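Predicted model, so just to flag it, every value in this text is computed and none were measured. Just so you know, ligand 1 is whichever comes first in the structure, and atom 1 is the first atom listed for that ligand. Reckoned from all heavy atoms, side chains included, excluding hydrogens, waters and symmetry mates.
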Amino acid sequence: MNKTSRDGFTSTFGVLLATLGSAVGLGNIWKFPSLTGMNGGAGFLLVYLLATLLIGLPVMIVETMLGRAARANAITTFERVAPRGQWWWQIIGWMGFLAALFIMSFYSEVAGWVYAYVFKAAAGAISTTDPKAAGATFGALVSNPVTSLVWQWVVLGLTGSIIMLGVAKGIEAVARKLMPLLFILLLVLCVRSLTLPGGAVPGLTFLFSPDLAKITPAVILTALGLAFFKLSIGMGCMLTYGSYFRDDQNIPATATRVMLADLSVSLLAGIAIFPAVFAFGFEPAAGPSLVFMTIPAVFTSMPGGTVFMTIFFVLTAVASVGAILSLLEVPVAILSERFGCGRKRASLYTILAIALVGAPAALSQSLTAETKIFGMNPFDLYDFLSSNVMLPLGGILICLFAGWVYGLPQLQKQLGNDGKLPNGVLVRAVFFLVRYVSPLLIGIVLLHGLKVF
Ligand code: TRP
């Protein structure tokens with residue numbers, strides 16, 4: 001396949017927005033607050049920050065770089081950049097294909113809850129600050145097998161149609177708009193949450209004053225998994241987006257900007273949620289339901305709450321679309337480029353596969369609630385396997401490849417855009433991190449977190 005026939009992003013700014021569109025999503029609004037609440041707050045946040053800077057950012061940089069160097073999907077990329085005969089690096093791509101299906105299986109369900117909440121918000125059905133009432137509404141939604149499945153299908157149908165339109169048109173157009181609005185709305189929420197009586201002090205203490213005793217190996221693994229999940233790395237997603245990057249795109253700068261913007265959205269979500277948790281007497285460790293109960297409560301306690309609440313869930317739904325498109329792009333690019341089945345059919349097969357694999361996850365609070373594998377229901381299992389096992393494993397392999405096979409001269413050439421950008425100490429730092437630090441740290445965290453030791 002020749003380079004010019006591939007679809008790609010049309011402007012440098014478009015690249016930044018699409019990459020940001022992949023990173024920012026339910027991970028910020030839903031996963032980050034739930035995990036922070038369940039894992040004890042500030043200590044978890046601290047480990048997550050360290051994991052993002054020391055491991056996430058360098059992995060993101062080299063993963064994107066590999067995709068742009070090869071200009072291909074996650075499997076073909078390793079066929080092109082690995083030395084002849086070292087076919088096993090392609091496992092990264094195959095694992096990414098599987099990880100995309102697993103992540104989409106639960107991600108599409110959570111997106112479905114968000115869509116459902118758009119209508120509930122508009123109807124005033126979730127305007128309450130009472131933890132009991134809020135919990136009952138959420139419980140009724142997720143424990144109904146029919147609505148659970150239908151909302152998942154709505155999400156898959158919608159995003160599947162967008163992906164069929166193609167990279168530049170579909171992804172860029174959606175990612176470009178509306179995100180600044182979500183940011184502003186989150187800021188407003190933070191102000192309201194912080195001014196709730198009795199909220200600010202315990203909320204901020206929970207979020208920013210670490211209790212080191214709570215940092216167990218399992219907590220560290222979860223934080224690492226979140227760092228990968230947030231930056232969309234470890235399974236070929238950033239690699240696939242990198243393959244659409246322009247030759248003059250500054251990859252390290254783009255990755256750093258996306259990382260910082262993504263972090264600020266998560267922190268805003270945390271500051272919007274935790275003061276309200278304490279002000280209204282919610283349970284910080286409530287898990288996946290946390291956001292769906294506390295955010296409506298904050299809106300309810302402010303003027304025009306119903307309108308803003310509706311807008312908030314619409315924007316969150318939009319944010320989830322950008323992330324979902326990037327997830328779908330991994331299998332779609334693999335199927336269409338490697339199996340020549342055309343973008344439309346590749347999208348259709350991908351969506352059908354997710355509907356199949358994802359159904360048990362959608363039904364995790366109803367029909368499959370008692371189906372436990374390793375003590376987890378399908379929803380939790382998919383999340384755990386993908387975020388905490390496959391993404392870190394993929395991350396190790398990507399680091400080992402970039403650090404030991406691809407090597408420093410290639411890294412300098414690729415990250416320095418063939419001499420057009422400075423490629424000195426920063427590239428060396430990335431090289432050092434991916435060659436020695438990240439694979440070792442990820443390996444240790446993975447083995448301890450999975451209780452292999
Ligand atoms: N980063 C997105 C979020 O936080 C989710 C996501 C998109 C993702 N692409 C990914 C997660 C690839 C892991 C791998 O919502």
Side-chain angles (χ1 to χ4, degrees), residues 17-36 48 51-52 55-57 59-60 63-64 67 73-74 92-93 95-114 155 159 162-163 171 174-175 179 182 186 222-244 255 258-259 261-270 288 291 315-334 350 354 382-395 398:
L17 288 179
T19 312
L20 197 61
S22 166
V24 175
L26 301 174
N28 309 70
I29 311 282
W30 165 76
K31 202 172 205 239
F32 169 79
S34 333
L35 290 182
T36 305
Y48 165 63
T52 300
I55 300 172
L57 185 60
V59 172
M60 186 176 180
E63 184 180 325
T64 312
N73 61 75
I92 299 172
M95 197 163 67
F97 187 102
L98 262 187
L101 299 188
F102 285 165
I103 293 173
M104 274 303 295
S105 290
F106 68 91
Y107 205 88
S108 58
E109 182 54 23
V110 181
W113 299 340
V114 173
V155 171
T159 50
I162 299 176
I163 201 111
I171 301 176
V174 176
M179 283 311 99
L182 179 63
L186 275 173
T222 309
L224 178 73
L226 178 65
F228 275 90
F229 190 91
K230 276 311 314 126
L231 296 176
S232 310
I233 53 177
M235 48 77 82
C237 181
M238 275 302 144
L239 182 148
T240 308
Y241 267 32
S243 77
Y244 306 123
V258 169
M259 188 254 329
D262 177 67
L263 262 185
S264 28
V265 177
S266 293
L267 287 176
L268 285 187
V291 185
L315 293 175
T316 305
V318 172
S320 78
V321 170
I324 290 175
L325 293 180
S326 74
L327 277 160
L328 294 176
E329 189 62 25
V330 174
V332 168
I334 289 175
T350 303
I354 296 167
Y382 288 143
D383 186 2
F384 184 86
L385 267 187
S386 52
S387 312
N388 294 7
V389 180
M390 295 169 99
L391 298 184
L393 264 184
I398 290 170

**Request:** Considering non-hydrogen atoms only, spot the tightest contact between Ala111 and Ser320 and give its length.
**Result:**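 Shortest heavy-atom contact: CB-OG, 3.9 Å.
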**Item:** Contact summary for Met179 and Leu315, nearest pair of heavy atoms
**Value:** CE-O, 4.1 Å
Which protein heavy atom lies closest to [atom], and at what distance to 0.1 Å?
| atom | answer |
| --- | --- |
| atom 4 (O) of ligand 1 | Lys230 NZ, 2.4 Å |
| atom 6 (C) of ligand 1 | Ser232 OG, 3.6 Å |
| atom 3 (C) of ligand 1 | Ala23 O, 3.2 Å |
| atom 11 (C) of ligand 1 | Phe229 O, 3.2 Å |

**Asked** Just heavy atoms, cut-off under 4.0 Å: does Met235 contact ligand 1 by side chain, backbone, both, or neither?
**Response**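 The answer is the side chain of Met235.
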**Prompt:** Side chain, backbone, both or neither: which part of Cys237 comes within less than 4.0 Å of ligand 1 when only heavy atoms are counted?
**Reply:** side chain
So, [X] side chain and [Y] main chain: donor-acceptor pair closer than 3.5 Å or not?
| X | Y | answer |
| --- | --- | --- |
| Asn388 | Leu385 | no |
| Ser387 | Phe384 | no |
| Tyr241 | Glu329 | no |
| Glu63 | Ile233 | no |

**Prompt:** Are any of the heavy atoms in Tyr107 under 4.0 Å away from ligand 1?
**Reply:** yes
**Asked** Do Ser326 and Ser232 have side-chain N/O donor and acceptor atoms under 3.5 Å apart?
**Response** no
Under 4.0 Å from a heavy atom of [X]: which atoms of ligand 1 are those, numbered in the order shown and with their elements?
| X | answer |
| --- | --- |
| Ile103 | 13 (C), 14 (C) |
| Gly27 | 3 (C), 4 (O), 15 (O) |
| Ser326 | 7 (C), 9 (N) |

**Message:** Geometry only, no angles: is Leu231 polar-contacting ligand 1 at N/O separations under 3.5 Å?
**Reply:** no
**Prompt:** Any nitrogen or oxygen of Ile233, main chain or side chain, under 3.5 Å from a nitrogen or oxygen of ligand 1?
**Reply:**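 N/O-N/O distance under 3.5 Å: no.
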**Message:** Please verify the inter-ring angle class for Phe229 with Phe106; under 30° counts as parallel, over 60° as perpendicular, anything in between as tilted.
**Reply:** parallel
